[in-house]
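To start, the structure itself, in structure tokens.
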Amino acid sequence: MPTRMGRRRARPRRGERWITLTTDFGTGDGYVGVMKGVIYGINPQARIVDLSHDIPPQDIARAAFLLARHFTFFPPDTIHLVVVDPGVGGERRPLLWMAGHYFFVGPDNGVVSTALRRAGQSVRAYHLNRPRYWLPRISSTFHGRDIFAPVAAHLSRGILPRSLGQKTKQWVALEPPALKVGPGRLQGRIAHIDRFGNLLTNIPAEHLSAWGSQLRVRLHQVEILGLARTFADGAPGNLIAYLDSDWHLAIGRVLGSAQTTLGARVGDPVEVLGP
Amino acid sequence: MPTRMGRRRARPRRGERWITLTTDFGTGDGYVGVMKGVIYGINPQARIVDLSHDIPPQDIARAAFLLARHFTFFPPDTIHLVVVDPGVGGERRPLLWMAGHYFFVGPDNGVVSTALRRAGQSVRAYHLNRPRYWLPRISSTFHGRDIFAPVAAHLSRGILPRSLGQKTKQWVALEPPALKVGPGRLQGRIAHIDRFGNLLTNIPAEHLSAWGSQLRVRLHQVEILGLARTFADGAPGNLIAYLDSDWHLAIGRVLGSAQTTLGARVGDPVEVLGP
Amino acid sequence: MPTRMGRRRARPRRGERWITLTTDFGTGDGYVGVMKGVIYGINPQARIVDLSHDIPPQDIARAAFLLARHFTFFPPDTIHLVVVDPGVGGERRPLLWMAGHYFFVGPDNGVVSTALRRAGQSVRAYHLNRPRYWLPRISSTFHGRDIFAPVAAHLSRGILPRSLGQKTKQWVALEPPALKVGPGRLQGRIAHIDRFGNLLTNIPAEHLSAWGSQLRVRLHQVEILGLARTFADGAPGNLIAYLDSDWHLAIGRVLGSAQTTLGARVGDPVEVLGP
């Protein structure tokens, strides 16, 4: 799996490595800020980027979707730290994964599994069981601060994965949402709804390419004819089907919200028919 | 146009240049994070500051207002990247502007025009038409990631504007909201309502100076007598008129929200009468 | 007061010092971004971390609670800048405090007093009355930008506190919320409700240790038996009492919101009874 960056033009300084944060913590309670404080205390040269903290509480599927969609746009060696962790303090293990050019740190509940599948390469995983790389005092409800952030910080300053934990061959994986392929007909699902009310599906562009722009998209008793290239191709208020920025089928409304118009929800079926 | 910084006390390191981000992407979908990933991949030494990502979808006027109000408080050479882009993928051009001490990158839909007018100096503009400075694969709905972020990143590491695009003399400008000036009487508009429910108008302080603090402000069937210096001058619950931090007339409620009290909206008329 | 970091592993570069920001500005109006612009203009090597900008307008108590809970997790010498400032432009003084390993900058309205009490060491305070370290033009409603941010920036690049202001021995302190201790019985309050709907109380773990896990917690006509170690110990939907990540008593609902279930609010009484 290549990164999406193309040729890189400059190198980070020694010890500088990016850490992205994806959590369901929101930004109001200081939980995210304090994770950053912990990271900088261990590696002052760490570079931190927020991916999303607005994951609804415990919504592992949504975090998994966003991470898988975005992770390849970061510089190689970026550490993607994900803390959506309803099982915190219980049996689920804290893990570190290496896949392609990236590292992932988070709880073993499937939240990084979609990204790993997409990386499509051999994955190496480590069970984070070396408390010397954690904070001195561990709470039972905030491993983001006490375990995951310190481990990511140590990793970012060059500590080797095998020092941070023990190799493991097993981890939890989410089932990919089903895609049914029939003759002249495809059925997928709404996988994510974004801030604009665009409905992003799990139907990849390569499944549609045979039909060109002649396809029909059905959802919620509505049929949309043809594939628009972009929003500017539709009249204000029109529903359009288009390829989103991850090259999957999406449904949007020009200068409006397809979600509101259709009352759509994540998981709703979307059908595509050939000409 | 001077910056607001006064004397500068220290210099950034080579290759370090600030990029501010203003979008209507929200922070929940990872769209902003991924733009940062792209920027850092091209210029690891870039410094990024979020100005606002809570612009309501497609609200060009609101983004234009905020940018114009704030851009001079950043270090000279800062690149202000604005992506409120309802016409993405269509005819509207991606542009780069230089004005005063600052750079602006965004779609040619007027979103930076208010800042440019305020810069009040000769503006140089470039049509961003050199794909070698973009990501290798361009989506038709996310030019923020695929075109604007890469261009800003290359600019921040020292690539010259004329390498990034072709000079142009034309761009879209928003009409400034009308200000009617009569004898002993001024009429403006609510230009922005902030989180505190303060009503910020388009009436600059210099138009009021002749009247001192004796003026009267009328809006929504309410008349406010006199200009308060600050919130501490009013009793809790009182409506006050004051000069905001951009030295324009504003209406607020002490320890409360003028917006809620009055049911005010952006665009509502505000009248000022002399003594 | 020790920091929570344990042994530090690396040192920041010269001039690099962390500044945390806690405000009631929200992130939509650009007020926070512009404070960062001002800081970087004065000290390009400053490192900024957002702690929270979602403090409800003028809610000094909430900001004080969050700051006190989190400040020790940042690297030593971090400057905690807090701008929740209903008295801006009035009589209240801008202050700088030094306590333990940290600096605090903000208005003298009690917002940092809870953190100072927790630091539990001698505090030195300075009245910020040297305009040469402020922006050249001071508004009367945005001292966060015009006074506090510049002072924090100068402090971060090594200017001594005594240059920034005059020593003072007095400042405003919030009363800590009352904790009533009787035989076999404790009464405290809900001090904060977080994004997950967890009810964080002001009852510290050390007051509960004699009772082990046999205690009973009463609030809102509900009695919870025993102290769970973590959320994974309860069945989905169950209310549990547990020690939060600041080692105080908290009430949560497994995979749900205790706030919604109970209709709880900050300030509500919480009673703990021994076995």
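Heavy atoms only: backbone and side chains are in, while hydrogens, waters and symmetry mates are out. Proteins get letters first, then strands, A, B, ... in listed order; numbering begins at 1 in each.
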>> Heavy-atom pairs under 4.5 Å with chain C - which of A:A153, A:G90, A:G30, A:G26 has more of them than the others?
In response: A:G30
>> Is C:Y242 in contact with chain A via its backbone, its side chain, both, or neither, using a 4.5 Å heavy-atom distance?
In response: side chain
>> Is any side-chain heavy atom of C:F196 closer than 4.5 Å to one of A:D24?
In response: yes
> Checking A:I48 against chain C: side chain, backbone, both or neither under 4.5 Å from a heavy atom?
Replying inline: neither
> Do other residues, nucleotides or ligands put more than 12 heavy atoms under 6.0 Å from the CZ atom of A:R189?
Replying inline: yes
> Do C:D54 and A:T27 get their side chains close enough for a donor-acceptor pair, meaning under 3.5 Å?
Replying inline: yes
> Can you tell me how far the CG atom of C:D50 sits from the NZ atom of A:K36, to the nearest 0.5 Å?
Replying inline: 6.0 Å
> Parallel, tilted or perpendicular: which fits the ring planes of C:H70 and A:Y31, with parallel below 30° and perpendicular above 60°?
Replying inline: perpendicular
>> Which heavy atom of A:G87 sits nearest to which heavy atom of C:A232, and what is that distance?
In response: O-CB, 4.2 Å
> Is it true that the NZ or CZ of C:R47 lies under 6.0 Å from the centre of A:Y40's six-membered ring and within 45 degrees of the ring axis?
Replying inline: yes
>> Check whether C:T230 reaches the backbone of A:S140 with its side chain - one donor and one acceptor, N or O, closer than 3.5 Å.
In response: yes
> Where on A:P150 is there a heavy atom nearer than 4.5 Å to chain C: the side chain, the backbone, both, or neither?
Replying inline: neither
> What is the minimum heavy-atom distance between C:I193 and A:D29, and which atoms define it?
Replying inline: O-OD1, 4.1 Å
> Between C:L243 and chain A, which part of the residue has a heavy atom less than 4.5 Å away: side chain, backbone, both or neither?
Replying inline: backbone
> Is there side-chain contact between C:W247 and A:R137, with at least one heavy-atom pair below 4.5 Å?
Replying inline: yes
> How far apart are the closest heavy atoms of A:H53 and C:R195, and which atoms are they?
Replying inline: O-NH1, 3.5 Å
>> In the structure I gave you, are the side-chain heavy atoms of A:P44 and C:W18 within less than 4.5 Å of one another anywhere?
In response: yes
> How about A:V34 and C:F74: do any of their side-chain heavy atoms sit closer than 4.5 Å?
Replying inline: yes
> Can you say whether A:A46 sits under 4.5 Å from chain C via the side chain, the backbone, both, or neither, judging by heavy atoms?
Replying inline: backbone
> Hey, which of C:L67, C:N198, C:V49, C:I55 has the most heavy atom pairs under 4.5 Å with chain A?
Replying inline: C:V49
> For A:H143, is it the side chain, the backbone, both, or neither that has a heavy atom closer than 4.5 Å to a heavy atom of chain C?
Replying inline: neither
> If you tally heavy-atom pairs under 4.5 Å against chain A, which of C:L51, C:D244, C:T20, C:T78 wins?
Replying inline: C:L51
> How about A:Q170: does its CD atom have over 12 heavy atoms from other parts shown lying under 6.0 Å from it?
Replying inline: no
> Is the side chain of C:S52 donor-acceptor paired with the backbone N or O of A:G28 at a distance under 3.5 Å, no angle test?
Replying inline: yes
